[in-house]
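By convention in this document, chain letters (A, B, ...) are assigned in the order of the sequence lines, proteins followed by strands, and residues within each chain are numbered from 1.
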Amino acid sequence: MDRIRKAFEHALAEYLPGQDIVIERPKSGELGDLAFPCFRAAKATGKNPAQMATELAAQINLELDGAELVAAGPYLNLKLRPEARAREVLGGLLGDRPYGAAEKNGQKIIVEYSSPNIAKLFTIGHLRSTMIGHGLVQVHRFLGYDVVRLNHLGDWGTQFGTLIAAYKRWAEAENPQLDLDFDWADPAPDDRRTPLFRLFQLYVRFHAEEEKDPAMRDQARDWFRALETGDAEARRLWTWFREISLKEFLRIYDRLGVGFDTYTEGEAFYENKLSDTVKALEAKGLLQDGERGARIVDIEDVGISTPCMVVKADGGSVYATRDLATGIYRRDHYHYDRCIYVIGAEQILHMQQVFAVLKKLDPDWFTEGKVIHAPFGLISLPDGKMSTRKGNVIFLEDVLDEAVTRVLAIIEEKNPDLPRKTEVAEMLGIGAVIFFNALNDRVKPFTFTWDRVIALDGDTGPYVQYAHARIMSILRKGASDISLPDHAQFDQHARPTTQPDGDKTAFIQYKQVNFKAIPFDDSTPEPVGLDSPFAQELLFELAGFPTAIRLAQEQLQLAPIARHLIVIARAFSGFYTNCPILKGDFEDPNIQRWRLALCVATARALRQGLFLIGIEAPEEM
RNA sequence: GCACCCAUAGCUCAGGUGGACAGAGCAGCGGCCUUCUAAGCCGCAGGUCGUUGGUUCGAGUCCAACUGGGUGCACCA
């Protein structure tokens, strides 16, 4: 389609010299494959847009086989004949390269995402940063960028004082390994009898009790100070807490199919870099005295009235200090082209402050767009904000488990003989949750309800997966001259591992799918059997898939991909119900071949898109 | 008080750089399983795009003010 777009652009440029030629996609495939809105050009030449479209349609000779120009009101549309469209789209989708993927472009992107706090359990809120970040990683790799995946672990701070104090108070004596249930707390659910869960219980209890006994706060502070000054006992517990937390995190990442290149560059990593950061700011003359002796950077000149505090009155560091140190370290260590922070929208001001200070510190490096915040809206509960401290949260694992349970019930009802039920249920249940997140990937906050997040009908992950499974079923039954993708091979590429040096491949290799009967080269015969409006609409939507991926990269959000997957799946359903593939009575056997080719192309696009947002596609469901 | 974000069908949301008729899903009602998976398909019904002005040939989209909601505003992260 790129080839045709270029030819169209060229032809238009010839007739409209000196004008910006912007080519769009029509609203539907019925109108054409490409559209040129004549408004601007008409205005520049003082013509009526509709008249101009008519004139251009008559004048321009495209010299493209199978393409015609049609004036539709103020639009000049390029419309391919059904056969030409089929050839064009299928040729792109059934080639060696993943559809819409780009060559390496030499640019390096680093993405910081997930970044959970040690000793806390993943909530539904963590899904946002984790999966949006993962999706952005996939999309950038797909488009040819080198990507570094960073997990900025919350492994430092006063909460460690809290944890150590709580551990000392309630656990050390009778439950030192945290391997027993506490008699003062609800027992952990069966599948969550982990040290991390009990650590979390300690944390919640401490916060509850310190309300009544403020002296406990001092103990927590003291322990954190001990940790900062290198006290051996504090250090030992910190290391251990970090370990048991990370172990659980990795298990969940594995379940989600997410991974990172490093887990070591968390907040603790930057502790010994803070004083240098402050010195660098000092050297640049950026630090000023603030209230009560705090040290601040004034950023009013860039429109931010709240100054960025870097040093507290007591000389301690704050969040911003760590983020500044992080920014500097990454500049020196990664030499990136762009650094993306996938962090909640409630931190917009904070990120603006940090970016503003970084720009003052090194305007040559931190240019516009060099560091960028990809924010997402907060998830709240029907009765208010989630609070880990208060314990009114929805845990991510509970959501995933519930989704899988609901899917299993449906499988038992509709397809009880399905092989590998548990695995399929896992793919579908988790897919539903992840897809919902991708579809709602936006700045608007939303209220969590079980039925919304785990919906299985309508515009959902399972809807897309279902379309894919139906195709695979057809191919199993009828595609004797099409070799199917090897499932093991697919899994290997589809699931990025949690190993730092693991997965480097962002897209599925489909070398296993070969069209022996219909090679795509100049000798490829005219496609037949695809002139139905349903087939044509499906082809049109498949053609729009690369645009959706590029849009996702530009906007740093996954919604365009999720939405387009729905559109493709819906178009396929139309094709599926209206155009027989295996059961048809074809006078020309090539009709069936070409319809099968369209099926393979669709499956490939669906899998690829699901993969980009982090979802697996079972072959049967 | 100041800043940022948001406001489209009963509900949840789409509507890249203003432009082809404001579209989906859910919920509701009515059809479709002796043919490739009914987790599906088809149809019906449902909207003064928060309000008022402005810019423009053209505004759901841009600007201003207002109303309503969310978030943030230096010694927590």
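Across all strands, A467(A) comes closer than 4.0 Å to no nucleic acid atom at all (heavy-atom distances). Using a 4.0 Å heavy-atom criterion, one finds that P307(A) contacts the bases of the nucleic acid, with or without backbone contacts as well. Among the heavy atoms of the strands, none lies under 4.0 Å from Q159(A). The residue P26(A) sits close to a base: some heavy atom pair falls under 4.0 Å. Counting any heavy atom pair closer than 4.0 Å across all strands shown, C38(A) reaches no nucleic acid atom. Residue L349(A) is in sugar-phosphate contact alone, with no base atom involved, counting any heavy-atom pair closer than 4.0 Å across all strands shown. Using a 4.0 Å heavy-atom distance criterion, A345(A) is classed as making no nucleic acid contact. As judged by a 4.0 angstrom heavy-atom cut-off over every strand, R292(A) is placed among the base-contacting residues.
Of the N and O atoms on the side chains of H207(A) and E210(A), at least one donor lies less than 3.5 Å from an acceptor on the other residue.
Of all nucleotides listed (C41(B), A39(B), G19(B)), C41(B) comes nearest to the side chain of S573(A). Comparing atom distances between the E346(A) side chain and each of A39(B), G72(B), G40(B) picks out G72(B) as nearest.
One finds the CZ atom of R406(A) at 13.0 Å from the CG atom of L408(A) (value rounded to the nearest 0.5 Å).
Ion pairing of D289(A) with R295(A) is present here, as a side-chain N (NZ or NE/NH1/NH2) and a carboxylate O approach within less than 4.0 Å. Classification of D33(A) and R5(A) as a salt-bridged pair fails, no side-chain N sitting under 4.0 Å from a carboxylate O. One finds a salt bridge joining E271(A) and R322(A) here, because a Lys/Arg side-chain nitrogen approaches an Asp/Glu carboxylate oxygen to under 4.0 Å. Salt-bridge check for E541(A) with R25(A): passed, with a basic side-chain N closer than 4.0 Å to an acidic carboxylate O.
Stem analysis of RNA chain B (Watson-Crick or G-U pairs, both distances under 3.5 Å, runs of at least three) returns B:1-7 with B:67-73, B:10-13 with B:23-26, B:28-32 with B:40-44, B:50-54 with B:62-66.
Nearest-nucleotide positions on RNA chain B place I581(A) closer to the 5' end than the other of I411(A) and I581(A). Between V407(A) and N578(A), the residue whose closest nucleotide on RNA chain B is further toward the 5' end is N578(A).
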Check nucleotides 5-10 of chain B for protein N or O atoms closer than 3.5 Å to its own N or O atoms and list the pairs.
unit_1 : atom_1 : unit_2  : atom_2 : d
A7(B)  : OP1    : K444(A) : NZ     : 3.4

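Ring planes of Y576(A) and F572(A): tilted class, angle from 30 to 60°. Using a 30° and 60° split on the angle between ring planes, F160(A) and W156(A) fall in the tilted class, from 30° to 60°.
Phosphate contact (OP1/OP2 of A24(B), side-chain N/O of R563(A), threshold under 4.0 Å): absent.
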